Amino acid sequence: MVLLDGKKTSNEIKEELAVEVAKIKADGGKIPHLAAIIVGSNGASITYVNAKVKACEKVGFGSSLIQMPVETTQEELLAKINELNNDMVVDGFIVQLPLPDHIDEETVLNAVSPNKDVDGFHPANFGKVALGLPSFIPATPNGILELLKRYKVETEGKHCVVVGRSNIVGLPMSILMGQKKYPGNCTVTLTHSRTKNLTEIIKTAEILIVALGRPEFITGDMVKDGVTVIDVGITRVADETKKSGFRLLGDVHFESVAPKSDFITPVPGGVGPMTIASLMQNTLKAIDMNR
Ligand code: GUN
């Protein structure tokens, strides 16, 4: 069993990006700048956004954190997005999800300029990704591809089962793993809450990507020997023994699944840190998109 170490790999990527930034600086070029908008005070969202800003500092990017109160109107948020779309300093920006209920997510994501949409959530960018054209690949799918690549996991001709069909992870992941390139070239099954015989399908997976949000849903008896397991789940469960009052659980019961796996991501320290590294990669890419 090989652990797909997202923490180590994301640090390597950030070091590579820091070298790129140093080159840009030496050449007198534009230093990449990421802005993040957060509306409200969701604890997990604040943690994620702070981690993104910290990563910018580490690689030498500029960053702005725009915190808006929970009662912000949709119009006010759209005005802020418009401002960032036209701000020459900002190369890419994200609107942290989820948004408060009174704000329509689709309207907001559509308002972000596709050239600055480093999350890859705009329909134009999703369409390009689906067609295999150059675009911003969303951070989580891109982080997973990067892990598979850097650990040289064989994917060609394999049966990849994706569990969960979210726009952010499951759906793009299922498309990417079927594309004619590496990592990819898989035969893909996209499963979801209405899938019949889910456990039988999971048992046939050679590559299993789980993005369900149900802690420890996948157990050792559900997978076949030699599987590669990518656990996207990250759920906070109460734990009084921790200083934070919670611990993080993946969608995979690691203790029973790991012994049957060839490769497996831990939680935490697997996919999570990779998403941040991917966002940094996309921000560097945004420099070219805007020139
Ligand atoms: N919420 C959970 N994941 C993400 C992400 O990748 N980007 C944004 N903007 N919000 C999220």
Side-chain angles (χ1 to χ4, degrees), residues 6 10 13 33-56 61 63-68 70 72 74 77-78 80-81 84-85 90-101 103-126 129 135-147 164-173 176 209-214 230-236 248-251 265 267-268 270-283 285-286:
S10 75
I13 292 171
H33 189 110
L34 175 74
I37 303 178
I38 179 163
V39 185
S41 52
N42 177 302
S45 290
I46 290 173
T47 307
Y48 295 145
V49 169
N50 285 337
K52 291 168 187 180
V53 170
K54 211 169 124 204
C56 283
F61 290 179
S63 65
S64 331
L65 178 56
I66 298 147
Q67 289 183 282
M68 302 180 84
V70 70
T72 300
Q74 183 164 304
L77 177 56
L78 291 173
K80 179 53 77 179
I81 289 171
L84 295 182
N85 282 341
V90 174
D91 301 292
F93 67 98
I94 64 158
V95 182
Q96 187 66 26
L97 304 178
L99 289 165
D101 287 345
I103 297 178
D104 182 52
E105 187 177 295
E106 195 186 328
T107 305
V108 167
L109 298 181
N110 268 300
V112 176
S113 163
N115 289 344
K116 295 194 177 187
D117 170 39
V118 284
D119 258 333
F121 290 170
H122 191 284
N125 285 327
F126 193 102
V129 168
S135 178
F136 295 115
I137 297 176
T140 305
N142 196 51
I144 294 169
L145 295 177
E146 199 76 51
L147 262 186
R165 59 179 156 186
S166 71
N167 289 348
I168 297 184
V169 188
L171 181 58
M173 208 61 236
L176 288 159
I209 302 174
V210 198
L212 201 60
R214 283 175 61 179
I230 307 290
D231 186 354
V232 186
I234 180 160
T235 306
R236 288 180 171 196
L248 298 173
L249 282 186
D251 289 349
T265 60
V267 175
V271 174
M274 291 302 296
T275 65
I276 297 194
S278 295
L279 182 65
M280 299 299 116
Q281 288 176 314
N282 276 350
T283 304
K285 208 192 247 184

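In what follows, residues are counted from 1 in the order of the sequence shown. One-based numbering, in listed order, for ligands and for the atoms of each. Given the structure is predicted, the values throughout are model-derived calculations rather than measurements.
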Inset, instruction - Answer yes or no: is there a side-chain heavy-atom contact under 4.5 Å between Ile144 and Val232? - result: yes
Looking only at side chains, do His33 and Ser64 share a donor and an acceptor under 3.5 Å apart?
yes
Which atom pairs, donor and acceptor, lie under 3.5 Å between side-chain atoms of residues 119-126 and protein residues at least two apart or in another chain?
{"from": "His122", "atom 1": "ND1", "to": "Ala124", "atom 2": "N", "distance (Å)": "2.9"}
{"from": "His122", "atom 1": "NE2", "to": "Asn110", "atom 2": "O", "distance (Å)": "3.3"}
{"from": "Asn125", "atom 1": "OD1", "to": "Ser135", "atom 2": "OG", "distance (Å)": "3.4"}
{"from": "Asn125", "atom 1": "ND2", "to": "Pro114", "atom 2": "O", "distance (Å)": "3.1"}
{"from": "Asn125", "atom 1": "ND2", "to": "Asp117", "atom 2": "OD2", "distance (Å)": "2.7"}

Lining ligand 1 at under 4.0 Å, by non-hydrogen atom distance, are residues Lys52, Val95, Gln96, Leu97, Asp119, Phe121
Contacts of Lys52 meeting side-chain hydrogen bond (donor to acceptor under 3.5 Å, both in side chains) (sequence neighbours excluded), chain-then-number -> Gln96
Value for CD1 (Ile209) from OG1 (Thr140), rounded to nearest 0.5 Å, stands at 11.5 Å
Could you pull out every donor-acceptor pair under 3.5 Å between side chains of residues 166-173 and any protein atom, sequence neighbours left out?
{"from": "Ser166", "atom 1": "OG", "to": "Val169", "atom 2": "N", "distance (Å)": "3.0"}
{"from": "Ser166", "atom 1": "OG", "to": "Gly170", "atom 2": "N", "distance (Å)": "3.4"}

